[in-house]
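Here is the structure we will look at, set down as C-alpha cells.
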Amino acid sequence: MSALLPTYARSDLSFARGEGAFLFDESGERYLDFSSGIAVTALGHAHPRLLEALNEQAQKVWHVSNLYGIAEQERLGRRLCEATFADRVFFANSGAEAVEAAIKCARRYHFANGAPERYRLITFEGAFHGRTLATIAAGGQAKHLEGFGPPVDGFDQVAGFDIDAVKGAITEETAGVLLEPIMGEGGMREAPYRFLQELRTLCDEHGLLLVFDEVQSGVGRTGRLYAHEWAEITPDIMSSAKGLGGGFPVGACLTTEVVGQAMVPGTHGSTFGGNPLAMAVGNALLDVVLEPGFLEHVAQMGLKLKQRLAGIADEHNEIIAEVRGQGLMTGLQCKPQNTHLVSALRERGLLTVPAGDNVVRLLPPLIVEEEEIDLATRTIDAACASLRSS
Ligand SMILES: *Cc1c(COP(=O)(O)O)cnc(C)c1O
C-alpha cells in the first residue's frame with residue numbers, strides 16, 4: 001500500500017530520466033512527452049541552460065528570507081514587467097498561490113480606494129484556478145468543492161463567454177472579472193478575442209479589475225509570451241506559474257502600479273516565494289524564451305501540429321470531434337471517452353493529458369521540433385485507427 005494520500009489516479013508508469021521532449025522509464029523504454037508535466041517543462045527535460053543556472057546558484061545560496069534583498073528575484077521581476085503589461089510582481093511557488101495572490105490584490109485594491117465592499121469576482125463555468133479553498137470556490141466546480149465545507153464567499157459564476165451574462169452579474173460589490181484566456185483543465189476552450197476586448201471595455205466602464213489566470217496559457221505556450229496578447233488588450237492583474245520555472249516550482253502574480261501599490265508591507269507573503277534557486281532558474285528560462293525567434297518557433301510548431309491534427313480529425317471523424325487551442329496549447333475533443341485515447345497513446349509511447357469537456361490535451365515542450373510532431377501525429381493516427389477497429 002502506498003503511504004501517499006490517494007488523491008491522484010496514478011498510472012503504473014514512472015520515469016527514471018528525461019531528455020528534451022523524451023522521458024525514459026526504469027526499463028529504458030522511451031516516451032514522447034506531449035504532457036510536459038501539464039504545461040510545466042517548457043524547455044523539455046534536462047535543458048542545459050536551466051541545469052547550469054540551477055547548479056551555479058546551488059553553489060552560492062539556496063534560500064534567504066524575503067526580509068532581505070534577493071538580486072535574482074529583483075531581476076526576474078524587472079524582466080517580467082519589461083516583457084508584459086505589469087509594473088509589479090509577487091513571487092509564489094505554484095499556480096494556486098499565484099491566483100490566490102491575484103484575488104487578494106483585486107480585493108485590496110478596492111479596499112485601498114475606499115470601497116472595501118467591492119470584493120467579489122465574476123468567474124466562468126468550467127474554469128480551473130487551483131485547489132486551495134479560495135481557488136476551488138473561484139473555479140466553482142462541484143467535484144472540487146464537495147466535502148470541503150462552505151465555499152469561500154466572493155465568486156459569482158456566469159456561463160459561456162457571454163458579455164451580457166457578465167454585465168448582468170455586476171453589482172456594487174463586484175471587484176473584477178477573473179478568467180483564463182484559454183481554459184486548460186476545462187478543455188482548451190478559447191475565449192474569443194472579441195469577448196476579451198469587450199470585457200476590457202466593460203471593466204473600464206465600471207471601475208472593475210480584469211484578472212487573467214495565465215498559469216497554463218502563459219510563458220510562450222500559445223506563441224506569444226502571454227495568451228491575452230493575441231487579443232491586443234492587457235489585464236490589471238495576472239497569475240503565471242506552470243512553465244515559468246520549467247519544472248522548478250515558480251509562481252507569480254503580476255499587477256499594474258495602481259493595484260500593486262495597495263499591497264503594502266504585511267499584506268501578503270510567502271516563505272519560499274522568490275527563493276534564489278527558483279529565481280535563477282526562472283531567469284535562465286526567460287533568457288531562452290525571450291531570445292529572438294523562440295516564440296515564432298512555438299507559433300510555427302503549433303501551426304504544424306494543428307494542421308496535422310486537422311487531417312487526422314478528418315480521417316477519424318468518429319474518434320475526434322474537434323481540434324482546439326492556440327500554439328502548443330492544443331486539444332482534441334473526442335467522441336469516445338477521452339481517457340481511452342490517452343491510454344491508447346500511452347501504450348504507443350506518447351504522453352498526453354485528459355481535460356474537461358472530453359478533451360485530450362497535447363502540450364509538447366516549447367522546444368519541440370518537426371520530427372517529434374511527425375512522430376506524435378503518426379502515433380495519434382495509429383491510436384485512432386485502433387480505437388476505431390476495437
Ligand atoms: C494548473 C492551474 C492552476 C493551479 O496551479 P497549481 O500549480 O497546481 O496550483 C491554476 N490555474 C490554471 C489556469 C491552471 O491551469
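What you see is a predicted model, and the numbers here were worked out from it, not measured in a lab.
Residues satisfying the side chain to side chain contact (heavy atoms under 4.5 Å, CB included) criterion with A299, sequence neighbours excluded, are absent altogether. Contacts of V158 classified as side chain to side chain contact (heavy atoms under 4.5 Å, CB included), with partners at least two apart in sequence or in another chain: I122, F124, A165, V166, A169. Every residue was checked against the side chain to side chain contact (heavy atoms under 4.5 Å, CB included) condition with D314, not counting sequence neighbours, and none meets it.
Figure legend: cation-pi geometry between R17 and F24, with NZ or CZ positioned under 6.0 Å from the six-membered ring centre and within 45° of its axis.
Using modelled atom types, one finds no donor on one side chain facing an acceptor on the other under 3.5 Å when comparing T256 with D236. Side-chain contact of E173 with T171: a donor-acceptor pair under 3.5 Å is absent, judged by distance alone. In the model, S2 has no side-chain atom that pairs as donor or acceptor with a side-chain atom of R10 under 3.5 Å.
Side-chain contact check for T352 versus L332: every heavy-atom pair is 4.5 Å or farther apart. Residues E372 and P364 are not in side-chain contact: their nearest non-hydrogen atoms beyond the backbone lie 4.5 Å or more apart. Side-chain contact check for F85 versus M238: some heavy-atom pair is nearer than 4.5 Å. Annotation: side chain of S386 is in contact with side chain of R348 (closest heavy-atom distance under 4.5 Å). Counting heavy atoms from C-beta on, the side chains of I103 and V99 come closer than 4.5 Å. With a 4.5 Å cut-off on side-chain heavy atoms, V250 and V281 do not count as touching. Two residues are said to be in side-chain contact when any heavy atoms from C-beta on lie closer than 4.5 Å; L23 and L13 fail this criterion. Counting heavy atoms from C-beta on, the side chains of F22 and L32 come closer than 4.5 Å.
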Evaluate the criterion side-chain contact (heavy atoms from CB on, under 4.5 Å) for residue pair K242 and I38; output intermediate values, then yes/no. CA-CA 8 Å; K242 289 203 164 99; I38 315 192; 4.1 Å; yes

Show your working on side-chain contact (heavy atoms from CB on, under 4.5 Å) between L199 and L210 and close with a plain yes or no. CA-CA 8 Å; L199 270 185; L210 184 56; 4.2 Å; yes

Test M263 against T255 for side-chain contact (heavy atoms from CB on, under 4.5 Å), laying out the working first. CA-CA 10 Å; M263 300 301 283; T255 77; over 6 Å; no

Evaluation steps, side-chain contact (heavy atoms from CB on, under 4.5 Å), between V298 and R221: CA-CA 7 Å; V298 174; R221 177 62 44 197; over 6 Å; no

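Distance alone, capped at 3.5 Å, is enough to place a donor-acceptor pair between the Q73 side chain and the G274 backbone. A donor-acceptor pair under 3.5 Å links the side-chain atoms of N283 to the main chain of M279, judged by distance alone. Using modelled atom types, one side-chain atom of N66 and one backbone atom of G273 make a donor-acceptor pair closer than 3.5 Å. In this structure, D357 contributes its side chain and V359 its backbone to no donor-acceptor pair below 3.5 Å. Judged by distance alone, the side chain of D213 and the main-chain N or O of V215 form a donor-acceptor pair under 3.5 Å. With hydrogens and angles ignored, the 3.5 Å screen pairs a side-chain donor or acceptor of E214 with a backbone N or O of A227. Proximity of a side-chain donor or acceptor of R324 to a complementary backbone N or O of G331 within less than 3.5 Å is not detected. The closest donor-acceptor contact from the side chain of Q141 to the backbone of L145 lies at 3.5 Å or more, if one exists at all.
Between R189 and E180 there is no salt bridge, since no side-chain nitrogen of the basic residue lies less than 4.0 Å from a carboxylate oxygen of the acidic one. One finds a salt bridge joining R194 and E198 here, because a Lys/Arg side-chain nitrogen approaches an Asp/Glu carboxylate oxygen to under 4.0 Å. Ionic pairing of D374 and R308 is present here: one or more N-O contacts between side-chain nitrogen and carboxylate oxygen are shorter than 4.0 angstrom. Using a cut-off of 4.0 Å between Lys/Arg side-chain N and Asp/Glu carboxylate O, E291 and R49 are scored as salt-bridged. Ion pair D204/R200 flagged as a salt bridge, since at least one NZ, NE, NH1 or NH2 atom sits closer than 4.0 Å to an Asp/Glu carboxylate oxygen. Note on K167 versus E205: no salt bridge recorded, every NZ/NE/NH1/NH2 to OD/OE distance being 4.0 Å or above.
Using the six-membered ring where Trp is involved, Y226 and H228 have ring planes that are parallel, under 30° apart on the 30 and 60° scheme. The aromatic rings of F128 and H144 lie perpendicular to each other, with more than 60° between the two planes, well past the 30° mark.
Of all non-hydrogen atoms in E125 and Q157, the two that sit nearest each other are N-CG, 3.5 Å. Shown here for T267 and V264, the closest heavy-atom pair between the two residues is OG1-O, 2.7 Å. Closest non-hydrogen pair, V89 versus G77, comes out as CG2-O, 3.8 Å. Nearest heavy atom pair, residue G327 against residue T330, reads O-CG2, 3.5 Å. Here the closest heavy-atom approach between residue M301 and residue V368 is recorded as CG-O, 3.5 Å. Closest approach of S240 and L254 over heavy atoms only: CB-CD1, 4.4 Å.
The distance from atom CG of L80 to atom CZ of F91, rounded to the nearest 0.5 Å, is 5.0 Å. Separating the CG atom in L345 from the CG atom in L351 is a distance of 9.5 Å, to the nearest 0.5 Å. Here NZ of K304 is found 5.0 Å from CD of Q300. Values are rounded to the nearest 0.5 Å. One distance of note links CG of L286 with CG of L244; it measures 7.5 Å at 0.5 Å rounding. Residue H110 holds its NE2 atom at 13.0 Å from CZ of R120, rounded to the nearest 0.5 Å. Rounding to the nearest 0.5 Å places CD1 of I237 at 12.0 Å from OG1 of T234.
Residues L303 and Y193 do not share a hydrophobic cluster, defined by chaining ILVMFWY side chains whose heavy atoms lie under 4.5 Å apart. In this structure, M188 is not a member of the same hydrophobic cluster as I320, with clusters built from ILVMFWY side-chain heavy atoms closer than 4.5 Å. Under the 4.5 Å side-chain heavy-atom criterion for ILVMFWY residues, a single connected hydrophobic cluster contains both L225 and F294. One hydrophobic cluster, built from ILVMFWY side chains closer than 4.5 Å, cannot hold both V211 and F161; they sit in different ones.
More than 12 heavy-atom neighbours from other residues, nucleotides or ligands sit within 6.0 angstrom of CD on Q197. Heavy atoms from other residues, nucleotides or ligands lying under 6.0 Å from CZ of R30 number 12 at most. Residue E26 qualifies as enclosed at atom CD: its count of foreign heavy atoms under 6.0 Å is above 12. Environment of CZ in F148: sparse, with no more than 12 heavy atoms of neighbouring residues, nucleotides or ligands closer than 6.0 Å. Atom CZ of F111 sits in a sparse spot, with 12 or fewer heavy atoms from other residues, nucleotides or ligands closer than 6.0 Å. Annotation: E318, atom CD; neighbour count of heavy atoms from other residues, nucleotides and ligands within 6.0 Å is above 12.
Aromatic ring centres of H63 and F272: separated by under 6.0 Å.
Of the listed residues (N338, L341, T339), just one forms a side-chain contact (heavy atoms from CB on, under 4.5 Å) with N358, and that residue is N338.
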